[in-house]
Amino acid sequence: MDMGETKSFYLADDVVAYLRTHENASAEVNRLVRRKIAQDAEAEAYQRHHGVPLTEERRRRARLWAREQLDAAAERAEHGSADRDELRRRMGWAA
């Protein structure tokens with residue numbers, strides 16, 4: 001894997017404090033930036049498909065709906081909480 005480029009940034013104190021809680025701050029920054037890139041792509045696709053922007057309210061409602069569906073599926077699952085945790089992990093939510 002390419003190591004990429006090294007950059008220096010000025011960060012707010014709260015951001016620095018957050019990154020200090022991670023053993024690999026660089027990996028955490030990459031994870032967060034990739035999440036933002038994915039969210040931007042999602043919003044762009046939503047707008048192309050529906051012809052309206054994906055607002056924070058629409059995103060919030062979509063997350064709520066998805067969690068409700070996940071909870072309903074978990075209740076129907078025969079294998080209990082392990083399946084629910086695995087579903088949450090695969091959907092990108094903390095178990």
Side-chain angles (χ1 to χ4, degrees):
M1 178 188 206
D2 186 11
M3 290 301 293
E5 186 176 331
T6 300
K7 293 281 190 180
S8 294
F9 297 95
Y10 290 98
L11 302 172
D13 291 341
D14 60 329
V15 174
V16 172
Y18 171 79
L19 290 173
R20 283 188 177 139
T21 67
H22 290 79
E23 188 174 317
N24 187 341
S26 179
E28 180 66 4
V29 168
N30 279 285
R31 184 186 72 79
L32 293 170
V33 170
R34 286 185 179 126
R35 181 193 302 176
K36 176 65 171 130
I37 291 168
Q39 288 172 343
D40 290 348
E42 172 193 23
E44 188 176 313
Y46 183 94
Q47 184 166 345
R48 273 196 317 271
H49 181 75
H50 295 286
V52 295
L54 178 60
T55 63
E56 286 305 311
E57 177 58 21
R58 288 186 181 117
R59 190 182 305 255
R60 185 193 67 74
R61 285 189 313 217
R63 280 191 203 115
L64 180 61
W65 177 85
R67 287 181 178 146
E68 288 170 351
Q69 298 305 307
L70 175 63
D71 288 343
E75 286 181 23
R76 292 189 300 269
E78 296 178 352
H79 302 293
S81 65
D83 284 345
R84 181 174 188 271
D85 290 347
E86 174 61 15
L87 284 170
R88 291 178 67 85
R89 185 195 63 75
R90 289 183 7 210
M91 293 178 78
W93 296 328

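- Residues that satisfy the ring-ring contact (aromatic ring centres under 6.0 Å, His included) test with His50, not counting sequence neighbours, are Tyr46.
- Here Arg58 pairs with nothing under the side chain to side chain donor-acceptor pair (under 3.5 Å) rule; sequence neighbours left out.
- The hydrophobic clustering, which links ILVMFWY residues whose side-chain heavy atoms are closer than 4.5 Å, places Leu64 and Leu54 apart.
- Follow the hydrophobic side-chain contacts under 4.5 Å out from Trp65 and you never reach Val52; the two are in separate clusters.
- With sequence neighbours left out, Gln39 forms a side chain to side chain donor-acceptor pair (under 3.5 Å) with no residue at all.
- For Pro53 against Gln47, the heavy-atom pair with the smallest separation is CA-OE1, 3.8 Å.
- By the side chain to side chain donor-acceptor pair (under 3.5 Å) test, Glu57 pairs with Arg60, sequence neighbours left out.
- Sorted by first then second residue, the salt bridge (charged side-chain N to carboxylate O under 4.0 Å, His left out) pairs that include residues 6-20, not counting sequence neighbours, are Glu5-Lys7.
- Note on Leu32: it clusters hydrophobically with Phe9, by side-chain heavy-atom contacts below 4.5 Å among ILVMFWY residues.
- Judged as a ring-ring contact (aromatic ring centres under 6.0 Å, His included), the pairs with a partner in residues 17-37 (not counting sequence neighbours) are, in order, Tyr18-His22.
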